[in-house]
Structures are given as C-alpha cells and as structure tokens.
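Structure, as structure tokens:
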2 protein chains.
Amino acid sequence: MSLPEPRQFLLDLYASAVNAVSADKCLPAFLPERPANGRTLVIGAGKGAAAMAKAVEQHWQGPIEGLVVTRYGHGADCQKIEVIEAAHPVPDEAGRHAAARILNMVQGLSENDLVLCLISGGGSSLLALPADGISLEQKQAINKALLRSGAAISEMNCVRKHLSAIKGGRLALACAPARVVTLLISDVPGDDPDIIASGPTLPDATSCFDALAVLKKYHIEVPDNIRHHLESGAGETPKPDDPRFARNTQHVIATAQDALEVAAATADAAGINAYILSDGIEGEARDVGIVHAAIARQVAKHGQPFKAPCVLLSGGETTVTVRGNGRGGRNAEFLLSLAVALDGHANMYALACDTDGIDGSEDNAGAVLAPDSLARAAGLGLSAKAMLENNDGYGFFSALDDLVVSGPTRTNVNDFRAILIL
Amino acid sequence: MSLPEPRQFLLDLYASAVNAVSADKCLPAFLPERPANGRTLVIGAGKGAAAMAKAVEQHWQGPIEGLVVTRYGHGADCQKIEVIEAAHPVPDEAGRHAAARILNMVQGLSENDLVLCLISGGGSSLLALPADGISLEQKQAINKALLRSGAAISEMNCVRKHLSAIKGGRLALACAPARVVTLLISDVPGDDPDIIASGPTLPDATSCFDALAVLKKYHIEVPDNIRHHLESGAGETPKPDDPRFARNTQHVIATAQDALEVAAATADAAGINAYILSDGIEGEARDVGIVHAAIARQVAKHGQPFKAPCVLLSGGETTVTVRGNGRGGRNAEFLLSLAVALDGHANMYALACDTDGIDGSEDNAGAVLAPDSLARAAGLGLSAKAMLENNDGYGFFSALDDLVVSGPTRTNVNDFRAILIL
C-alpha cells in the first residue's frame with residue numbers, strides 16, 4: 001500500500017475522530033424506553049447540547065419538549081426542544097437565565113415522567129446559577145482565586161458544587177420524583193460523570209465541610225454570606241446514597257478514547273500503524289509538545305517504542321500559561337512548540353485540534369505542521385521560537401495558511417493530537 | 001516467571017543502566033593504537049573524566065601522562081594521570097587553573113605524539129577559560145543573560161565558544177601537530193560530539209558573525225572589549241575543513257540510549273517488557289511527569305500503547321523552573337509531579353535518578369515512588385501537591401526514606417526514568 005498524502009491523512013483522522021463522538025452517531029443507542037404514562041422532558045447544557053437535543057428529536061418516538069443551553073455558535077436546528085445560546089467560558093446573563101428556566105421547567109413533575117438530561121463539556125459555565133443569596137460576581141471571584149491557587153480540578157469542583165443552585169446533583173433533585181436519565185459526552189480525563197459539567201444531575205460525594213477545607217488549604221478568603229452558606233450546611237449537596245437518585249441512570253456516550261480508537265482504525269485502514277499514547281494528557285502545552293517531539297524522534301532514530309511509518313495519537317487537555325500577547329489556543333501552542341522541538345525534522349507531520357472545533361477563543365480548530373513549516377515561516381521573516389515565546393501559535397500557522405478551520409463541531413471530547421512519522 | 005519485587009527491580013534497572021555507560025566498561029574498546037615514536041598525553045574534563053582516565057591507565061600499554069579535571073567528589077584513584085577536582089556548575093579558580101595547565105601541557109608536541117582527550121558532561125563548566133582580555137565575570141554575566149533570554153542551547157554554545165580560550169576546537173589546535181583522539185560520554189540529546197562540553201577538541205561550524213547575531217537577536221548588551229573580540233574576528237574558532245583536524249578522530253563511547261538499552265534488556269531478563277519512550281526528553285520536569293503519568297494510566301486502563309506488566313523507560317534532561325524554596329533536583333521534581341498525577345494509582349512504581357549519581361546539587365541520585373507513597377506522606381502530615389508547589393521533591397522523598405543515594409557514579413548520560421506498571 002502506498003503512503004497517504006500526509007496533510008489529508010491527518011485531516012481525515014481528525015474528521016473521523018470528531019465524527020465518532022458526534023451526538024448523531026453516539027446518542028441513539030442510549031435512549032431509554034419511552035415512559036408509559038408520563039411526559040418526557042429534555043434538558044441539558046454544554047457545547048454538544050444542541051446536537052444532542054437534535055439527535056433525541058430525530059430518534060424519539062412520542063411527544064417531547066424541553067430546553068438546552070449551548071455556547072454561542074454551537075446551536076442546532078431543533079423543532080421541539082428550545083435551544084438557547086450563551087457565553088463560555090465566562091458565564092453571562094443568557095446562561096443564568098436559561099439555567100433558571102430549566103430549574104423552573106422541571107418543577108411539579110410526577111414519578112411517571114422522564115427527564116432526559118444531555119450534558120457535555122462547557123456545561124458548567126453555561127449552567128452557572130449561584131445558590132440563593134450568592135451573587136454571580138462572588139462566585140466568579142472565588143473561581144478566579146481557586147484557579148490561581150493551584151487547587152486540583154476536583155477541589156475546585158467541590159467548592160463550585162457547594163455554591164451552586166444547580167450543580168452537584170441539585171438539578172436532579174429538582175426533577176424528583178421524575179426519573180432522570182443523564183447522557184454525557186465526556187471532556188474530562190477519566191470520564192467521571194460527576195465531574196463533567198460539575199455533575200448537575202449526579203450525586204456528590206463531597207460535603208460543605210470539604211469545600212471549607214479546600215478554601216482553608218489554599219488560604220482563600222470568602223465573604224461572610226458564603227462562609228455562612230457553607231458552615232450552616234445550606235450549601236450541602238445530595239449524597240450518593242440519597243434514595244431520590246435510586247431510579248436515575250447515567251451513561252457516558254462518547255469519550256476521548258472513543259475518538260482516538262476510531263482515528264486509530266482510520267489510520268490502520270490507510271496502512272499506517274497507530275499508537276494511542278493517552279486519552280488524557282494534561283500539563284503545559286509547550287512542554288507536552290516537547291515530550292511528544294522526543295518520542296517522535298525516538299521512533300525515527302531508533303525505531304522505539306514503535307517502528308515508522310506510524311502515527312502517534314493522544315487526547316486530553318493541556319494548559320497554556322500566557323506570557324506573551326499573541327493569539328492562539330492550546331492546540332496551536334502545542335503544535336508550535338512541537339515545531340520548534342522537531343526543528344524541521346524530515347518526514348514528520350502533525351495535527352493538533354480541539355474536537356469542539358474551536359481552539360480556545362479563536363476561529364480555528366487547530367493547525368497542521370509539516371517538515372517545511374519552519375523554513376516557510378523563515379521565508380516570511382517569522383521565527384517559530386520567538387512566536388512561541390509570545391504565545392502566538394495562531395499567528396504562526398495563520399501566516400502559513402496552515403490553520404484547520406472546521407467551525408463548531410457540536411461535540412467535545414477535548415484535544416486531538418496526531419503525529420505522523422513516515 | 002513471577003513478578004519481581006518492584007523497588008529492587010527499579011534499582012536494578014538503574015544500576016544496570018549506569019554500569020552500561022561506565023568508563024571501565026565502554027572506554028577500552030575505543031583506545032587507539034599506541035604511537036610508534038611519540039608520547040601519549042591524556043587530557044580531559046567532565047564528571048566522568050577521572051573514571052575515564054583510570055580506565056585508560058588500566059588498559060594502556062606503554063608510558064602515559066596527563067591531567068584531567070572533574071567535579072568535586074567525582075575523582076578516582078589514578079597513578080599516572082593527575083586528577084584535579086573543581087566546581088560545577090559554577091566554575092571556580094581550580095577549574096580555570098586546571099584549564100590553563102592543560103593548555104600549557106599540550107604546547108610543543110610533535111606530529112608523532114598522541115593526545116587522548118576524555119570528555120564528558122560537565123566539562124564545559126570545568127574547562128571555563130575565557131579568551132585573552134575577557135574576564136570570567138564577563139563571561140558569567142553573558143551566560144546568565146543568555147539563560148534568561150530563551151536562547152537555544154546551540155545558540156548559547158555558539159556564543160560561549162567564541163569567548164573561550166579552549167572551547168570550540170581551540171584545545172585541539174593547541175595540541176597540533178599532534179594527533180588528537182577524543183573519547184566522549186554524551187549527556188546531550190542527539191549525542192552531537194561538538195556540543196558535549198562545548199567541543200574543546202572539535203571544529204566549530206559557527207562563526208563570530210553567528211555569535212554576534214545571537215547577541216543581537218536576544219538584545220544582549222555586551223562590553224566593548226567583547227564586542228571588539230567578536231567583530232575583529234579575534235574570537236574565531238577553527239572550522240570543520242581546517243586541515244589541522246585532518247588526522248583527529250572522535251568517538252562517542254557511551255550515550256543515554258546505551259544505558260536505556262541495557263536497562264531494557266535487564267527488565268526483559270526479569271520477565272518484564274520494557275519500552276524506551278525517548279533517550280532525550282527535555283521540558284519542565286513537572287509537566288514531563290504529568291505526561292509520563294498519562295501514558296502509564298493509558299497502559300493500565302486500556303492496555304495501550306503497551307500491555308501491562310511493562311516498564312516505561314526514558315532519558316534526557318528536564319528543567320525545573322524554581323518557584324518555591326524547597327530542596328531537590330530535576331529527578332525528584334519529576335517524580336513528585338508523577339506522584340501527584342498518579343494519585344496513588346495501584347500497581348505503579350517509578351524511579352527517577354541522574355546517572356551521574358547527583359540530582360542537582362543534593363546528595364542523592366534521585367528517588368523511588370510506590371503506590372503507597374502519597375498515603376505514607378499524608379500519614380506524616382505531608383502534602384505532595386504542596387511540596388511540589390514548593391519544589392521540595394528532596395524533602396518529600398527524604399521524609400519517606402525513599403531517596404536513592406548512590407554517590408557520584410563518575411559517568412554521566414543524564415536522567416534515567418523508569419515506570420513499572422504491574
């Protein structure tokens with residue numbers, strides 16, 4: 001079999017990965033039975049919420065209604081389920097209003113009713129509704145302090161859940177006594193349902209006491225009303241043994257691993273061995289790029305740990321510590337760091353894209369890298385290293401006309417990276 | 001075959017890796033013919049220089065003399081070759097004096113004479129001799145500015161070579177017309193001989209013009225005497241086509257890859273499949289730890305890209321951006337980050353040690369990690385995450401009595417990392 005054209009090959013892998021985790025493809029198999037004598041309500045939040053709602057509409061037998069909230073631009077054309085677009089990652093009034101309407105909509109349901117809750121990454125920001133007596137500004141201030149503190153995601157989620165009117169299982173309680181079936185597209189390493197979008201319909205194993213301990217551990221000062229909210233137990237979340245969750249179920253319908261597996265199969269079909277390094281790589285994007293480059297060099301130089309030709313795949317969510325004033329998301333930053341570390345190495349091509357189609361807050365999903373990228377950039381008077389220092393991955397790949405622009409994909413299993421070594 | 005005891009298994013891998021790249025084992029095969037009618041002089045610098053000199057003494061037939069410089073504590077008991085100990089990584093007067101004596105010693109040789117030059121990592125600091133008219137303090141100031149600038153190692157070496165009286169091939173020129181055979185133990189990714197210890201006996205492809213371009217690129221101001229040294233061409237290094245190098249040869253006798261290959265064979269012999277991820281991983285130690293953790297988790301959860309039980313091996317040189325005031329080198333930092341990211345994952349053990357036996361400027365080579373390390377630390381009131389924030393890897397593993405203390409190994413192929421997944 002002849003070797004594939006590298007750029008198109010990588011774009012094909014990305015397309016196959018995204019398609020594998022689209023709501024249209026993944027959701028129908030997980031639809032529950034229609035309730036015999038009750039209503040079916042659809043609610044949800046996240047970058048994939050509108051596409052999930054549309055998939056429900058297309059495959060549901062019987063009457064259905066509801067409301068989901070998604071990010072601006074990630075909407076879909078639904079007939080029966082209302083779709084509201086709101087701001088992400090910083091919540092806005094549209095999201096707060098949608099969250100209040102959803103909570104209101106599930107009041108007064110009976111035990112014969114079914115609530116289908118459609119959750120995907122981004123849902124946490126889109127469903128930001130502070131608990132009574134707490135302002136959105138107060139929650140945002142604590143959020144920022146947590147982000148600065150070095151607290152783990154699990155610790156931040158613990159605090160967030162205990163200051164929310166909807167997270168940490170409260171949305172499911174509001175639905176009681178109706179049965180709640182939650183379908184989730186996971187964008188978190190480990191695919192833990194109660195972490196995705198801070199688990200609005202899942203019980204919470206942590207307590208107000210834990211939230212206070214996190215605030216103390218990281219020396220985060222909070223206003224008196226919030227301290228009282230936690231100390232009084234007013235912010236307590238429902239626990240896993242709560243009988244009100246007994247009839248509820250949840251299914252993670254799509255994960256980063258699913259996307260990577262299908263991309264690997266696509267590569268295999270093209271005659272290229274694929275190796276999945278990890279479905280959940282975290283860490284600073286530029287350092288993750290350096291490590292990927294080192295592994296790719298080992299393949300080329302020593303045939304270890306894999307023989308070329310092959311493609312290395314990985315998922316997860318890197319972070320970018322902004323030092324410059326350039327443009328670009330974490331995938332562009334990863335790829336530019338990879339470019340610098342590979343230094344124009346022959347026969348190596350790469351793609352890094354966000355599976356939601358939007359790399360950070362730009363208009364691209366990511367970018368592609370070829371052995372001649374650095375030389376072409378130099379021909380334009382651009383230094384990859386200097387642009388990396390300035391966090392200007394978007395500028396670099398834009399100048400080379402090497403951005404990948406897909407528009408919102410309406411799903412989200414986080415980053416997708418592929419390095420082809422011929 | 002039964003599974004090995006994890007801790008001893010990892011220590012055995014490390015010992016086998018270090019032994020594989022010891023001068024005693026690697027050097028004899030590369031010794032040249034004894035000159036028919038001339039003297040044999042041995043010179044050298046680096047953490048392995050004394051052990052290399054001793055290996056030469058033990059295997060050389062005929063008269064021999066010379067002088068090598070090594071780091072304090074890395075000396076060896078030589079009979080004919082003088083061993084001087086000096087400071088690393090910040091040069092001191094002992095090193096400068098040794099460099100001057102070496103340059104003096106090789107004056108007046110004939111074309112019948114042979115110079116054996118023994119180079120290993122650390123040699124650059126140990127052989128710090130500024131060019132005429134440049135002070136050590138001036139070189140140090142430029143060095144610091146380069147380190148801050150984000151310049152690549154190759155760019156920093158270019159400047160250093162053009163401000164030195166001994167680097168960039170000048171030492172070999174001083175030996176002319178004698179033949180120079182350089183034996184090198186590599187501590188640099190790529191194992192390029194003219195990068196190891198800034199190549200004192202290897203011709204230099206870069207020029208004074210290149211050095212000036214680096215200084216301009218990174219906006220580094222230099223005193224007039226240094227600018228004149230470069231602009232006048234007084235700092236020019238000998239080039240690869242220089243006929244005075246025509247009879248010289250060099251051999252890289254030991255590399256990180258060699259160490260990793262032997263460790264892999266040791267693991268295989270114990271019934272554990274070993275996979276070498278890379279012999280040259282760079283990047284921030286804590287992020288490198290996070291990526292290694294993600295790959296290890298993929299092995300445990302999905303049997304990708306390798307099936308457990310197995311051991312993942314890697315080499316290279318990470319960096320630590322110091323943010324706290326704790327103790328520890330880059331291997332302890334890597335391992336503590338790995339510990340936090342693995343979060344007590346069952347059946348995972350790891351070791352990270354510097355092959356020179358000294359992790360940074362501490363008294364340990366590195367440390368070992370076990371599934372119960374975090375819990376044992378918590379029992380002592382220690383938080384791995386907080387200690388990582390404080391760059392206190394040494395403190396963490398010291399409290400657990402999990403440091404690996406080998407003392408100087410007298411060789412140096414950089415970091416050695418092994419993660420065992422049972």
Side-chain angles (χ1 to χ4, degrees), chain A residues 149-152 154-155 189-191 217-218 256-257 260-261 264 273-299 301-306 310 312-319 321 323 337 340-341 343 383 385-386 388-390, chain B residues 149-152 154-155 189-191 217-218 256-257 260-261 264 273-299 301-306 310 312-319 321 323 337 340-341 343 383 385-386 388-390:
Chain A
S149 73
S154 58
E155 292 173 320
D191 306 316
K217 176 176 174 185
Y218 294 102
Q257 180 69 14
L260 293 166
E261 294 274 9
N273 289 327
Y275 300 98
I276 300 174
L277 297 178
S278 167
D279 67 353
I281 289 183
E282 300 176 270
E284 185 73 22
R286 74 175 61 200
D287 296 286
V288 174
I290 289 169
V291 177
H292 277 70
I295 297 173
R297 282 181 180 276
Q298 188 77 8
V299 170
K301 187 170 179 186
H302 296 291
Q304 294 170 335
F306 318 109
C310 68
L312 310 180
L313 303 176
S314 69
E317 180 174 5
T318 65
T319 51
T321 302
R323 304 183 239 194
S337 172
V340 170
D343 196 22
S383 157
K385 194 168 189 334
L388 177 60
E389 287 306 309
N390 196 32
Chain B
S149 72
S154 59
E155 292 174 320
D191 306 316
K217 176 176 174 185
Y218 294 101
Q257 180 69 14
L260 293 166
E261 293 275 10
N273 289 327
Y275 299 98
I276 301 174
L277 297 179
S278 167
D279 67 353
I281 289 183
E282 301 175 270
E284 185 73 23
R286 74 176 61 199
D287 296 285
V288 174
I290 290 169
V291 177
H292 277 69
I295 297 173
R297 282 181 182 275
Q298 188 77 8
V299 170
K301 186 169 179 187
H302 297 290
Q304 296 170 336
F306 319 110
C310 68
L312 310 180
L313 303 175
S314 69
E317 180 173 4
T318 65
T319 50
T321 302
R323 304 182 239 194
S337 171
V340 170
D343 195 22
S383 156
K385 194 169 188 337
L388 177 59
E389 286 307 309
N390 195 32

Worksheet item: Can you tell if the side chain of A:H302 reaches within under 4.5 Å of the side chain of B:I276, non-hydrogen atoms only?
Response: no

Worksheet item: Do the non-hydrogen side-chain atoms of A:I295 and B:I295 ever get within less than 4.5 Å of each other?
Response: yes

Worksheet item: Atom CD in B:Q298, atom CG in A:L277: separation rounded to 0.5 Å?
Response: 8.0 Å

Discussion item. Once rounded to the nearest 0.5 Å, what's the spacing between atom NZ of B:K385 and atom OH of A:Y218?
Written reply: 4.5 Å

Worksheet entry | Pick from B:A293, B:S278, B:P189 with the largest number of heavy-atom pairs that fall under 4.5 Å of chain A | B:S278

Practice prompt. For B:E284 and A:D287, work out which heavy atoms get closest and say how close.
Written response: N-OD1, 2.8 Å

Fill in: Test side chain to side chain donor-acceptor pair (under 3.5 Å) applied to B:K301 - qualifying residues, sequence neighbours left out
none

Discussion item. Using every non-hydrogen atom in the two residues, find where B:G283 and A:I290 come nearest and quote the distance to one decimal.
Written reply: N-CG2, 3.9 Å

Worksheet item: Could you state the interatomic distance from CD1 (A:I281) to NE2 (B:H292), rounded to the nearest 0.5 Å?
Response: 10.5 Å

Practice prompt. Name all residues meeting the salt bridge (charged side-chain N to carboxylate O under 4.0 Å, His left out) criterion together with B:E282; count only those two or more places apart in sequence or in a different chain, and write none if there are none.
Written response: none

